[in-house]
Every structure is written in structure tokens, then in C-alpha cells.
Amino acid sequence: MYSALLVAAMIITAIETFIMHVPVTRDGIADSTHSITHWGMPGVMIYTDAGQIGYGFTGTHAHLASDRLITSCIAQCYGELLLGENPLEIEKLWSMMAYNPPLQWVGRAGIMTMALAAVDIALWDLKAKVAGEPLWKTLGGSEDAEVEMYNTDGGWLNFELQMLVDDAKRLVEEEGYRSIKMKVGKEDFTEDIRRVEAVRAAVGPGVKLMTDANGRWRMPLAAEVAGRLKDYDVEWIEEPLWHDDVRGHTELAAAIKTPVALGEMLYSLAQFQEFIAAGAVHFVQPDATRLGGISEAWQVSDAAHAAGLPVSPHAGDMAQAQAHLSLAHPGISLLEFIPWIKDCFVEPLRIETGSLRSPEQPGAGTTLRASALERFGKPSA
Ligand code: 0YR
Ligand code: MG
């Protein structure tokens with residue numbers, strides 16, 4: 001007997017934007033170029049006629065006016081392209097948004113890309129929910145995948161030396177992290193060296209210690225300071241120079257022994273390809289919340305992996321969605337983590353002795369608790 005099952009394609013029926021400003025774990029933190037008190041989460045909920053809702057967001061420094069540019073881009077520019085479309089056709093929708101003629105005219109990078117990221121993440125969340133599985137599975141990941149998490153929340157530049165050292169010890173000795181990152185880029189670079197030396201002495205030789213200058217230095221200072229980091233067995237120096245400087249990073253990478261990491265401020269696969277082709281980067285750090293979502297972060301990870309470079313995503317989402325990308329992609333075994341927003345989610349990330357426990361609930365892990373929206377929500381228009 002032949003029976004035809006007529007399945008009507010699911011469609012997007014509505015989209016709704018949100019903004020949350022979530023306090024950082026202490027009164028305020030700083031790196032060499034930013035001081036913040038809150039993490040910003042402009043994002044979107046995508047509704048369908050099948051009932052499931054996809055949640056996606058990007059990460060900002062909680063500046064309401066620019067957060068609203070992102071949500072208005074989602075609602076007003078991408079919204080009308082998405083309504084009535086099948087949300088499972090992510091590649092088609094991504095191209096429709098990214099290459100839409102009037103939109104790409106005004107935004108091949110920046111706010112439009114961060115808005116695209118939020119939408120793309122929501123679409124992947126939806127796709128995995130429809131499949132009834134965590135996104136890492138939808139992306140082809142294995143039950144056996146292992147991802148190490150490194151913690152960035154102890155090494156802020158505004159911390160006095162004692163607090164810096166205490167925090168590094170706490171993360172390693174009490175929380176079980178095997179890798180931590182600290183900020184550099186003080187006015188007086190000899191202070192950076194003293195701080196790195198103190199943290200290395202406190203945690204001992206077995207812990208991976210990353211350093212991050214957040215784009216602060218210029219040549220030849222960068223070569224001088226970064227050159228000295230090799231004495232403290234530093235895993236990498238991150239963004240030693242201005243974010244877009246391919247030539248500078250190429251020169252620096254050739255001049256120092258410590259590997260160079262970068263990528264958190266890059267908006268496209270094409271930008272990453274330039275750095276990779278030039279030999280300007282050793283640890284590649286895509287961020288799905290700044291690139292066009294999981295879709296483009298996957299492509300960057302492929303490009304890096306194909307070039308033989310390790311991939312370690314930057315956590316604009318505080319790792320919540322990129323945990324899935326990392327569990328699924330063969331080039332990723334190390335992911336950044338900062339705990340500020342984890343309790344906003346129905347399924348917060350679980351990390352045990354520095355290792356990621358695979359999320360279990362269907363979706364990208366981005367479903368928000370209603371209480372978080374109530375507590376941290378800001379008017380998004
Ligand atoms: C705080 N991680 C980073 C935060 C962080 C920044 O300004 O946004 O330090 O994203 O560089 O590697
Ligand atoms: Mg960084």
C-alpha cells in the first residue's frame with residue numbers, strides 16, 4: 001500500500017528582538033582598550049508555525065544606542081526577508097541576508113554582520129530543536145568529542161597584582177582549569193612582564209597561560225614586549241597589534257617565538273583568509289557572534305583547519321552556542337569561557353575540571369529563561 005505523507009514546509013511567522021545587559025561578575029573589568037560593567041546581548045527570537053522558537057544573539061559592550069541599531073537591523077532589514085520563509089533552509093536565508101543588494105551596500109561588516117550572526121544562530125537553534133537534538137549533533141559531532149575550556153575571567157587589566165594572582169590560583173586550584181588567559185597592554189610594558197611573571201610563578205609550569213593585548217601595541221614595541229613573553233612559556237599572544245593589520249602581524253609573527261592568536265574583531269571569512277595566507281596568525285579565533293553566525297564560523301574553522309592551524313573560538317557568546325560548534329568541528333579543541341551570562345539560559349554550560357560537558361537539550365543552548373529577560377531586558381526599540 002502506498003501512502004503519501006504531505007508535510008507542509010514550516011515557515012517563519014514572526015520575529016521578535018530583545019536586548020539584555022548582564023552585569024559582569026565584578027563591579028567592572030578592563031582590558032587594554034575597553035572597560036565594561038555589563039555584557040550586552042542584542043538578539044532575536046524566531047517564531048514558526050510549528051511552535052518551536054529559535055533564539056540567537058550577538059555580544060556587545062552593552063551600549064544601548066548601538067545595541068538598538070543591531071536589533072533594528074534584525075527587525076527592519078532582515079525581518080521582512082525572513083517572514084514566510086522555511087527556517088530550515090539556512091544557507092539560502094544566509095545568502096539572502098548577506099548578499100541582499102541594498103543591505104550589502106551599507107553593511108558588509110559591522111552592525112549588519114552582528115545582526116546576521118544573531119539571526120543565523122537562532123536559525124541553527126531552531127534547526128536542532130526541530131531535529132530534537134543538541135546542535136553539536138546536528139552539526140555532525142560525536143558523543144566522544146572533547147573540548148577544553150580556558151577561563152578569561154581572572155586576568156583583567158584593572159586588577160591589582162595580588163587580585164590577579166589570587167584569581168589565577170583560584171581558577172586553577174579550586175575550579176580545575178588547566179588553561180587561563182590574562183590581559184596585557186599596560187601603559188608601562190615592564191608592568192605587563194612583572195604580572196605575567198607573577199601569574200606564571202603562582203600557577204606553576206603545567207598550566208597553559210595565554211596573554212591578550214586587545215590590539216594595543218604598535219611595532220616595534222610589540223616585538224619587544226611579545227618577544228619577552230617566551231621566558232614565561234606563554235601559549236600565545238593575542239591581538240598584539242591593531243585588529244585589521246595583516247602586514248604588522250605577519251612581521252611580528254616572524255620576529256617572535258610566542259605564537260600569535262587573533263580573530264575576535266574580524267567580520268568575514270575573507271578577512272581570515274588574508275591573515276591565514278600571510279602567515280600572520282597561529283591560533284585562529286573566529287567568533288560566531290561577529291562573523292555571520294555559526295554558518296560562517298564553521299567556514300573559517302574549515303579554512304584554518306585546512307591550513308593546519310588550531311582553531312580556538314573567541315567567546316562573544318560566552319561560549320554558550322559555540323560550545324556546539326566546538327564539539328562538532330574537527331579543528332577545535334580549545335574554547336574561551338567567561339561565566340557572566342550562563343545563568344540566563346535554560347541549559348547553562350557545564351564545565352568540569354576545565355572540560356566542556358556536552359549539552360543535552362535540543363537546540364543551540366540559546367533558549368533564554370523568562371526570568372533573565374525580565375531582570376536584564378532593555379527596550380529594544
Ligand atoms: C572585554 N577576549 C577578549 C572583552 C574579550 C574582551 O572587553 O570584550 O576582553 O572579548 O578579548 O579574548
Ligand atoms: Mg581577546
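Counting convention: from 1, in listed order, for ligands and their atoms alike. For the single chain, residues carry numbers from 1 onward in sequence order.
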Margin query: Donor-acceptor check, side chain of E296 to backbone of L269, threshold 3.5 angstrom: yes or no?
Written below: yes

Margin query: Regarding H243 and N214, do their side chains bring together a donor and an acceptor under 3.5 Å, going by distance alone?
Written below: no

What short N/O contacts, under 3.5 Å, does ligand 1 make with the protein, listed by atom pair and distance?
unit_1	atom_1	unit_2	atom_2	d
ligand 1	2 (N)	H314	NE2	3.2
ligand 1	2 (N)	E336	OE2	3.1
ligand 1	7 (O)	D31	OD2	2.9
ligand 1	7 (O)	H61	NE2	3.4
ligand 1	8 (O)	H61	NE2	2.8
ligand 1	9 (O)	D31	OD2	2.6
ligand 1	9 (O)	K183	NZ	2.8
ligand 1	10 (O)	H314	NE2	2.7
ligand 1	11 (O)	K183	NZ	2.9
ligand 1	11 (O)	D212	OD2	3.0
ligand 1	11 (O)	N214	ND2	2.9
ligand 1	11 (O)	E264	OE1	2.9
ligand 1	11 (O)	E264	OE2	3.1
ligand 1	12 (O)	K181	NZ	2.6
ligand 1	12 (O)	D212	OD2	3.1
ligand 1	12 (O)	E238	OE2	2.9
ligand 1	12 (O)	E264	OE1	3.1
ligand 1	12 (O)	E336	OE2	3.1

Notebook entry, point to check: Just one of E336, E148, E235 clears the side-chain hydrogen bond (donor to acceptor under 3.5 Å, both in side chains) bar with S179, so which one?
Noted result: E148

Notebook entry, point to check: Can you find a side-chain donor-acceptor pair between Q162 and D166 that sits under 3.5 Å?
Noted result: yes

Next item on the list: Would you check if V281 and W236 make a side-chain contact, meaning some heavy-atom pair closer than 4.5 Å?
Entry: no

Notebook entry, point to check: Would you say the ring centroid of H61 lies under 6.0 angstrom from that of W39?
Noted result: yes

Checklist line | Ring geometry between W94 and Y99 (parallel below 30°, tilted from 30 to 60°, perpendicular above 60°) | finding: perpendicular

Check: Among side-chain atoms of S380 and T17, is any donor-acceptor pair under 3.5 angstrom?
Finding: yes

Notebook entry, point to check: Under the 3.5 angstrom rule, does the side chain of D317 hit a backbone N or O of Q322 as a donor-acceptor pair?
Noted result: yes

Margin query: Check for me: within less than 2.8 Å of the Mg ion (ligand 2), which protein N/O/S atoms show up?
Written below: D212 OD2, E238 OE2, E264 OE1

